[in-house]
Protein chains: 2
Amino acid sequence: MKKKSVINDTPVCQIRMQAISDTMSILSGKWKLHILGTLIEGSKLGFMDLQREINGIGSKMLSKELQDLELNLLVSRTVMDTKPITVEYAITEYGATLSPLINELTTWGIEYRQSVHGSK
Amino acid sequence: MKKKSVINDTPVCQIRMQAISDTMSILSGKWKLHILGTLIEGSKLGFMDLQREINGIGSKMLSKELQDLELNLLVSRTVMDTKPITVEYAITEYGATLSPLINELTTWGIEYRQSVHGSK
DNA sequence: GAAAGTGGTTTCCCCTAGGAAACTACCTTG
DNA sequence: CAAGGTAGTTTCCTAGGGGAAACCACTTTC
């Protein structure tokens, strides 16, 4: 008789696992959280502004990640009717719901640094 | 005159960005959060137990991810002196500090599902 | 002594995430 | 008309993440 899954073999856990995968998939990649974090801090930034704010990102990646985030309604893209045409990227209301998550991520990371540093 | 970073060019933001990178790097990969989540739910599981609980993971990945997590002191590995030698994996006290983060991840993912489903 | 269970390691192979750099296109300023 | 700013796209390349399957070692059970 084969053993089977015990803990995760309940609808509740399946849903929770699914949810984790969903969230991670939406936030996947090296840059999405940095972009979101930056847009949460300083609302309304142009493409070049973002590239300047986020150290190390190339235009290809920035462009691609912004498209992903826009598709998921986390970021809005507005083309402005200015003389040299500019684009305004901003966090959406929905994107802002990620704030608590990003804060958890941040505080845990800071405490991790301290614990590693402190134990040496 | 070149423009420079405005928002992220403060020590506080540098540290926050760093922290996000740290956390994401520790939790990177397809399986780590599933492993941690499973171990938080059902403390003390054997290798095969874990593989049964986590749908789709192969032994290579499970082994590698567990080593990573052990290195970061999030998971403990104890070889038991039983007749067929068994190994007990468990969440450490430190690993348990990830609970709030994992919960945020989960609830956000669940609400995401609902919002996508509800808007159609 | 073959099967099945413990806990993994090793090999092979594929795909994609991501970087560098060049290029497009349009507008303004010197 | 060149330089520099806007906002990207395209191409080329490679390190690595991750899957499938075989393999190892050791023990108990049938």
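Taking the side chain of Lys64(B) as heavy atoms from C-beta on, and the options dG19(D), dG19(C), dG17(D), the nearest nucleotide is dG17(D).
Between the CG atom of Asp81(B) and the P atom of dG7(C) there is a distance of 14 Å, given to the nearest Å. Taking atom CE on Met80(B) and atom P on dG7(C), their separation rounds to 11 Å, with Å as the unit. Atom CG in Leu62(A) sits roughly 10 Å away from atom P in dT9(D) (whole-Å rounding). Between Ile85(A) atom CD1 and dT28(C) atom C1' the separation is 14 Å, expressed in whole Å. In this structure, Phe47(B) atom CZ and dT9(C) atom P are separated by 7 Å, rounded to whole Å. Summarising the geometry, the separation between CD1 on Ile54(A) and C1' on dG19(C) is reported as 16 Å, rounded to the nearest angstrom. We find that CE of Met61(A) is positioned 14 Å from C1' of dT14(D), with the value rounded to whole Å. Taking atom CD on Gln67(A) and atom P on dA17(C), their separation rounds to 14 Å, with Å as the unit.
In this model, the phosphate group of dT6(C) is not approached by any side-chain N or O of Thr86(B) to a distance below 4.0 Å at OP1 or OP2. OP1 and OP2 of dG5(D) both lie 4.0 Å or more from every side-chain N or O belonging to Arg52(A). Between Gln51(A) and dT6(D) there is no side-chain N or O to OP1 or OP2 distance below 4.0 Å.
Ranked by how close their nearest DNA chain C nucleotide is to the 5' end, Ser59(A) and Lys32(A) are led by Lys32(A). Take the nearest nucleotide of DNA chain C for Met48(B) and for Lys30(A): the residue whose nucleotide is more 5' is Met48(B). Between Lys60(A) and Pro84(A), the residue anchored closer to the 5' end of DNA chain D is Pro84(A), taking for each the nucleotide with the nearest heavy atom.
Contacts of Glu88(A) with the nucleic acid, taken as non-hydrogen atoms under 4.0 Å apart, are absent. Within the nucleic acid shown, Gly56(A) has no heavy atom closer than 4.0 Å to any nucleic acid atom.
Under the 4.5 Å side-chain criterion, counting only non-hydrogen atoms from C-beta, Thr97(A) is in contact with Trp108(B). Using a 4.5 Å heavy-atom cutoff, the side chains of Ile40(B) and Ser99(B) are in contact. Between Leu73(A) and Glu93(A) the shortest side-chain heavy-atom distance does not fall below 4.5 Å.
Ring-plane geometry between Tyr112(A) and Tyr94(B) is classed as parallel, the angle between the planes falling under 30 degrees on a 0 to 90 degree scale with a further cut at 60.
Of the possible polar contacts, one joining the Glu53(A) side chain to the Asn8(B) backbone as a donor-acceptor pair under 3.5 Å is found.
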